[in-house]
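Notes follow the structure.
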Amino acid sequence: MTTKGLKHSDLPDPDLHLWAVLLAAGSGSRIAQALAEGTGEAVRKQYLDLHGAPLFWHSARTFARVQAVKGLVFVFPPQDLERMSALVAELDAGEPLGLPWRICAGGARRQDSVRLGLAALPGDCHGVLVHDSARPFATAGLVRRVAEALMEEPLSTGPLSKGAVAVIPGLNVTDTIKTVRPDNTVQDTPDRSVLRAVQTPQGFLLAPLWAAHQRAQAEAWEVTDDAALMERAGHPVAVVPGEEQNVKITTPADLALLSSPMNEAKPPRTGWGYDVHRYLASNETDAKTKSQARPMMLGGIAIPGGPQVIAHSDGDVLLHALTDALLGVACAGDIGQLFPDTDQAFANMPSAVFVTEALRRVRACGYRPAHADLTVVAQVPKLGPHKARMAAQIAQLLELPQACVNVKATTEEGLGFTGEKRGIKAIAVVTALPG
Ligand code: MG
């Protein structure tokens with residue numbers, strides 16, 4: 001790595017080209033040992049599962065949500081590199097980060113892992129956020145705060161016209177802190193008001209940080225964070241407010257945090273679905289259209305005496321709207337993507353199959369439907385007598401109590417295509433909760 005690209009005139013735009021280095025290279029020995037005693041299997045803490053994904057992936061997700069962050073470098077223990085490369089590729093395929101990422105092997109000490117992570121950054125990178133993946137609860141707001149301070153704070157030294165050289169998040173200290181002698185007697189009580197407990201992500205201009213790491217190598221400095229290197233190299237380090245929740249998973253006792261309800265605060269989701277089907281007109285003669293006309297199915301039940309519906313599957317407009325609402329909850333696209341009507345496999349298919357598959361996807365992303373509200377809009381047939389049975393059938397499909405499903409029917413007062421009895425439409429809203 002060189003300092004090339006750091007002159008202000010070389011910048012492609014006023015924004016810093018900022019990447020993040022996610023450290024997941026530690027041995028996590030205290031926790032690994034404790035787990036090995038319990039289960040016979042040693043797991044590094046950065047690989048522990050939190051809500052269905054390894055700890056380090058939670059940080060990756062958070063950083064990927066911040067616009068200023070243009071890419072990620074994951075640093076893993078050398079012996080896990082191959083396995084973790086495959087895992088990151090798999091996680092990214094299942095839930096794309098939307099950012100370029102690289103993987104590299106870490107070193108013996110934290111500062112070695114950071115240095116190796118910096119060396120893996122692309123050549124046009126100007127700034128870096130260094131984060132310990134054992135802090136999975138850092139929010140995108142905190143990442144943004146550090147990134148913005150790096151880009152916008154008035155600069156006292158350095159080659160750029162704005163932005164701090166080094167930014168760290170810190171919390172006021174509430175405990176009184178003592179320094180102690182080796183014999184466990186108190187030496188001193190520092191003034192609490194000037195103390196800060198420091199967290200990650202820590203943000204830096206890349207060139208001065210890289211230079212500080214080179215000096216640390218050459219002069220055998222030992223530090224516990226990158227800010228300490230910058231301080232020692234004579235750079236100012238700005239402090240921005242940290243976050244109480246941004247704790248570091250360090251000891252076996254901290255594992256309880258991973259299952260604490262506080263950290264399961266996934267918001268409820270609402271999915272919305274809409275669908276329209278055309279009725280077969282009495283004067284319609286086209287053979288293909290006629291072959292696609294089906295007796296009316298609605299909400300999974302047959303509606304005797306209803307107009308015929310043109311459709312590829314069984315033509316159940318209400319279950320199609322419901323399928324789209326469920327796919328909305330799962331952020332899984334729409335029914336046309338999943339079950340294309342060009343695919344013969346879905347011809348005459350009961351629409352309950354679509355609902356069941358969409359429901360599977362909702363569950364796969366950690367949600368369960370809690371309530372569904374559906375509306376059918378049709379001038380004909382009269383649906384009032386069928387509403388309760390439709391609701392019961394849908395409740396069964398969603399595995400919900402009947403009291404949590406509501407089916408409404410309305411007309412459009414003779415207006416539009418439903419009013420002219422040329423077709424039918426349906427709207428579905430599904431509320432889902434984590435779990
Ligand atoms: Mg449809």
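Below, all heavy atoms of this structure are taken into account, side chains as well, without hydrogens, waters or symmetry copies. Throughout, residue positions are numbered sequentially from 1 according to the sequence presented. Because the structure is a prediction, the values reported are computed rather than measured. Both ligands and their constituent atoms are indexed starting at 1 by order of listing.
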The Mg ion (ligand 1) to nearest N/O/S of D341 below 2.8 Å = no
In this structure, are over 12 heavy atoms from other groups packed under 6.0 Å from K408 atom NZ?
-> yes
Counting only heavy atoms not in Q337, do more than 12 fall under 6.0 Å of its CD?
-> yes
Of all N, O or S atoms in H320, which has the smallest distance to the Mg ion (ligand 1)?
-> ND1
Give, rounded to 10 degrees, the angle between OD2 (D275) and NE2 (H277) as seen from the Mg ion (ligand 1).
-> 90°
Using a strict cut-off of less than 4.0 Å between a Lys/Arg side-chain nitrogen and an Asp/Glu carboxylate oxygen, indicate whether R360 and E357 qualify as a salt bridge.
-> yes
Among side-chain atoms of Q202 and D226, is any donor-acceptor pair under 3.5 angstrom?
-> no
